[in-house]
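Notes follow the structure.
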Amino acid sequence: MANSETSLLRPAIQGAVVSLLASAVKAKSEPPLQHFFEDLFPPTPAQKELVGADPAGHPDNMPPAVIAEKFAETALGTTLDKHQKLEAQQVIHYTFGMALGAAYGIATARHPALTKGLGIPAGLTLYACTHASTLPLLGIQKPFWRLPLSAVCWEATSHVIFGATMTLGLRLLRR
């Protein structure tokens, strides 16, 4: 393996490993964040039916589960039951997180200034690049301005928590 490939492998693995913790912390943060922001900005019952708006009440209607369902229907000609959607959602979420973690690990190893702000800018960028743009463009989720404010707040905050956990985890690994 060439030296430049070797120098990228370690930070990629570090990022992928730390992303598992960051994804778990993000997932644990979502229920209390959802409750907190729904108390501040109560959504209507119709808003809670939107994709990505209610992980507590509709965990099988979150973007990764919807993606898995659409893939099964389109590519495999089958439908998934709720349990299958929830299992697929976990695989998608953690795999995507590991890929992003590997990229973040490499990026921060090469450009340590990216860790300024304790990963908060990284978390907000991740939210902007997924829920606020790509998912609506793909027709998976409504644009953020059509979602309940509570959902936008808890989802963006959970991504900030993911970015901060990634950054702290990488700092600890690299000591």
Side-chain angles (χ1 to χ4, degrees), residues 16 18-101 103-104 117-169:
V18 170
S19 78
L20 294 172
L21 171 64
S23 291
V25 170
K26 178 187 180 297
K28 289 288 186 191
S29 75
E30 287 179 349
L33 289 171
Q34 180 183 359
H35 181 73
F36 175 78
F37 284 112
E38 285 184 356
D39 283 349
L40 281 179
F41 312 110
T44 67
Q47 288 176 320
K48 289 184 71 116
E49 298 294 325
L50 296 172
V51 172
D54 185 16
H58 303 286
D60 58 324
N61 197 29
M62 297 304 290
V66 173
I67 290 168
E69 182 176 42
K70 288 183 185 239
F71 176 79
E73 290 171 356
T74 305
L76 306 175
T78 188
T79 58
L80 302 178
D81 64 27
K82 184 175 181 175
H83 178 74
Q84 291 170 319
K85 285 197 290 186
L86 294 175
E87 283 184 344
Q89 174 171 269
Q90 293 302 315
V91 171
I92 292 168
H93 211 250
Y94 280 87
T95 302
F96 186 65
M98 288 178 71
L100 290 171
Y104 189 64
L118 195 63
I120 292 170
L124 289 173
T125 299
L126 177 56
Y127 176 79
C129 292
T130 55
H131 295 277
S133 60
T134 303
L135 291 172
L137 287 171
L138 293 174
I140 303 295
Q141 189 174 25
K142 298 282 185 206
F144 69 91
W145 61 86
R146 294 192 53 209
L147 292 172
L149 180 56
S150 58
V152 173
C153 290
W154 68 254
E155 189 74 74
T157 304
S158 74
H159 281 81
V160 165
I161 289 169
F162 177 86
T165 305
M166 282 292 305
T167 301
L168 289 172

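All of these numbers come straight from a predicted model, not from anything done at the bench. All values below come from the heavy atoms of this structure, side chains included, with hydrogens, waters and symmetry mates left out.
Annotation: side-chain hydrogen bond (donor to acceptor under 3.5 Å, both in side chains) contacts of E49 (sequence neighbours excluded): H58. In terms of the side-chain hydrogen bond (donor to acceptor under 3.5 Å, both in side chains) criterion, K142 has no residue partners (sequence neighbours excluded). Applying the side-chain hydrogen bond (donor to acceptor under 3.5 Å, both in side chains) criterion to D81, with sequence neighbours excluded, gives no partner residue.
Pairs of residues two or more places apart, or lying in two chains, never qualify as salt bridge (charged side-chain N to carboxylate O under 4.0 Å, His left out) while including a residue from residues 118-130. Sorted by first then second residue, the salt bridge (charged side-chain N to carboxylate O under 4.0 Å, His left out) pairs that include residues 143-166, not counting sequence neighbours, are K26-E155. Contacts classified as ring-ring contact (aromatic ring centres under 6.0 Å, His included) and involving residues 121-150 (residues at least two apart or in different chains) are given here: Y127-H131, Y127-H159, H131-H159.
Counting all heavy atoms, side chain and backbone alike, A151 lies closest to A53 at CB-CA, 3.9 Å. Annotation for L135 and P63: closest pair CD1-CB, 3.7 Å, computed over non-hydrogen atoms. Of all the heavy atoms in K82 and P59, the pair that sits closest is CE-CG, 4.4 Å.
Remark: the E38 side chain and the Q34 side chain contain an N/O donor-acceptor pair separated by less than 3.5 Å.
In this structure, T167 and Y104 have side chains that are in contact, with non-hydrogen atoms separated by less than 4.5 Å.
Other residues, nucleotides and ligands contribute only 12 or fewer heavy atoms inside 6.0 Å of the CZ atom of F96.
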